[in-house]
Student: 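Please see the structure below; I have some questions.
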Amino acid sequence: MTQSKLPNVGTTIFAVMSGLAEEHGAINLSQGFPDFSPSEKLISMVNRYMERGYNQYSPPMGHPKLRQAISQKTENDYGVYFDPDKEITVTSGATEALFCAITAFTNPGDEIIIFEPAYDSYVPAIELSGGIPVPIELSYPDFSVDWDQVKQKISAKTKMLIINNPHNPTGAILDEADLNTLAEIAESNDLKVISDEVYEHIVFDGKTHQTVLGNESLRARSLFIASLGKTFHATGWKVGYCIAPEELSREFRKIHQFVTFCTHTPTQLGYADFIQNRKEYLDLPTYYEKRRNKFLSLIKGSRFEWSPAGGTYFQLLSYKGISEEKDVDFAKKLTVENGIASIPISVFFSSRKDEKVLRFCFAKKDETLERAAEIICQI
Ligand SMILES: Cc1ncc(COP(=O)(O)O)c(C=O)c1O
């Protein structure tokens, strides 16, 4: 009999809920992707590179033009320079970058601290390397981090912390004080940090995104991971990147070259041109804040409760006042009987902690949000 290397892993909840939504013709606010297209200009740039013959392998660390453009973008956004040859690696989505970062720095028996609810790719990657995920549970409604609890969880075996800011699935964001405390903890315990910042450009209410790249101490020990798919509404193209000091990037690249060798060349070149125009992403907070506000004003009369997401394109809704059912059952029922698909939050906790909360993606067209809200108000 085959012995599974991931005995606890089944089909991801995203595939389950999207499949159920399709089967029952439900409005799909479950999976995190927009139902509108990327910029026409970006599409034609990628097309042009394909037509002009840029269809073969590019260097494994990423096409030089894109690494150069990412270096410039990062300097413009966060005021810090990174060497495109030594510190920036283009990956096939943030998912691949996360896998390579975790694999490169997790040895058997190492403890890796994660914050739950946690994006679902972290734990399997840690376990495949023989590491031990050490979850710290965050709680509804604000999901803030109790750093004293983090200190208590650190042992001689702790090697790394994985943070996700802005946070999926909760929409919570870390502030400058959080990052300063994290820096102190990481430095005094000599820990590495993987910082999943795929929603770096989706922060609301006038707040500024706090990146590990902006903190000198964290910058020296962190792997920063970004997703061009999230920022430019093209999740299916799977382009992301990792920024890390040379020593960490060297180890990261050893794994990356054998996971994928390189990322889709014409798409890299299209992005290299496109991301130089900062306007294409600096409007994102306003754009998504409008969508969040529209969604929340449309469901004002519903029986759900919420506090507005601070970032990302997800809104949590609590159904405590509506039903006692388990969140997985309730989410499935809403999909099959009411025609709206969401993601239950308990699946992102190792303990399956169920706070009766569902996640809804509001990266959707007006008409999708209007139809969704109509249903939500009838529940
Ligand atoms: C927190 C988080 N990290 C990583 C990813 C993966 O990003 P990509 O599509 O670039 O692989 C996602 C996608 O939903 C995410 O929400």
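What you are looking at is a predicted structure, and each value in this text was computed from that prediction instead of being measured. Positions are given from 1 along the sequence. Atoms within a ligand are numbered from 1 in the order they appear, just like the ligands themselves.
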Student: Is any NZ, NE, NH1 or NH2 atom of the basic residue among E367 and R371 found under 4.0 Å from an Asp or Glu carboxylate oxygen of the other?
Tutor: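 The answer is no: the pair does not qualify as a salt bridge.
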
Student: Could you list the atoms of ligand 1 found under 4.0 angstrom from a heavy atom of G93?
Tutor: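 With G93 as reference, the close atoms of ligand 1 come out as 10 (O), 11 (O).
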
Student: Please determine if T235 has a nitrogen or oxygen closer than 3.5 Å to a nitrogen or oxygen of ligand 1.
Tutor: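 No, T235 has no N/O under 3.5 Å of an N/O on ligand 1.
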
Student: Would you mind finding which of S92, S227, A226 brings a heavy atom closest to atom 10 (O) of ligand 1?
Tutor: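 Among S92, S227, A226, the closest heavy atom to atom 10 (O) of ligand 1 belongs to S227.
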
Student: Suppose we measure from atom 15 (C) of ligand 1 to each protein heavy atom; which comes out shortest, and what is that distance?
Tutor: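 Nearest neighbour among protein heavy atoms for atom 15 (C) of ligand 1, to 0.1 Å: Y119 CE1, 3.4 Å.
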
Student: Any side-chain donor paired with an acceptor under 3.5 Å for E200 and Y281?
Tutor: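 There is no such pair between these side chains.
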
Student: Check this for me, if you would: do D175 and K207 make a salt bridge, where the nitrogen-to-carboxylate-oxygen distance has to be below 4.0 angstrom?
Tutor: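 Salt bridge between D175 and K207, a charged N being under 4.0 Å from a carboxylate O: no.
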
Student: Roughly how far, to the nearest 0.5 Å, is the CZ atom of F232 from the OG atom of S227?
Tutor: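 Going from OG on S227 over to CZ on F232, the span is 10.0 Å.
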
Student: Kindly confirm or rule out an N or O of A94 lying under 3.5 angstrom from an N or O of ligand 1.
Tutor: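 Indeed, backbone or side chain, A94 has an N or O that close.
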
Student: With the threshold set at 4.0 Å, does a side-chain nitrogen-carboxylate oxygen contact exist between E251 and K254?
Tutor: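 Salt bridge: yes.
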
Student: Quick one: does ligand 1 sit under 4.0 Å from the side chain of K238, the backbone, both or neither, non-hydrogen atoms only?
Tutor: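 The answer is the side chain.
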
Student: Are any of the heavy atoms in Y199 under 4.0 Å away from ligand 1?
Tutor: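 Checking ligand 1 against Y199, which is what was asked, there is a heavy-atom contact under 4.0 Å.
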
Student: Under 4.0 Å between a side-chain nitrogen and a carboxylate oxygen: does that hold for E370 and K365?
Tutor: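 A salt bridge is absent here (no side-chain N lies under 4.0 Å from a carboxylate O).
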
Student: Please report which non-hydrogen protein atom sits nearest to atom 6 (C) of ligand 1, along with the residue it belongs to and the distance in Å to one decimal place.
Tutor: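 Scanning the protein heavy atoms, the shortest distance from atom 6 (C) of ligand 1 goes to T95 OG1, 3.3 Å.
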
Student: Side chains of E111 and S155: donor-acceptor distance under 3.5 Å anywhere?
Tutor: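 Yes - a donor-acceptor pair under 3.5 Å links their side chains.
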
Student: For N168, which part has a heavy atom under 4.0 Å from ligand 1: side chain, backbone, both, or neither?
Tutor: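 Side chain only.
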
Student: Regarding ligand 1, does Y122 bring an N or O atom to under 3.5 Å of one of the ligand's N or O atoms?
Tutor: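 No - when backbone and side-chain N and O of Y122 are compared with those of ligand 1, no distance drops under 3.5 Å.
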
Student: Can you tell me if K356 and S323 form a side-chain donor-acceptor pair at under 3.5 Å?
Tutor: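 Side-chain D/A pair, K356 to S323: absent.
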
Student: If you count the atoms of ligand 1 from 1 in the order shown, which ones are under 4.0 Å from a heavy atom of K230?
Tutor: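 It comes down to these atoms of ligand 1: 12 (C), 13 (C), 14 (O).
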
Student: If we only count N/O pairs under 3.5 Å, is N164 in contact with ligand 1?
Tutor: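 No; the residue has no nitrogen or oxygen that sits under 3.5 Å from a nitrogen or oxygen of the ligand.
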
Student: Nearest protein heavy-atom contact for atom 1 (C) of ligand 1: which residue, which atom, what distance?
Tutor: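 Its nearest protein heavy-atom neighbour is D196 OD2, 3.3 Å.
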
Student: Can you tell me which residue among F143, Y199, F33 is in a ring pair (Phe, Tyr, Trp, His ring centres under 6.0 Å) with F314?
Tutor: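 Output: one option passes, namely Y199.
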
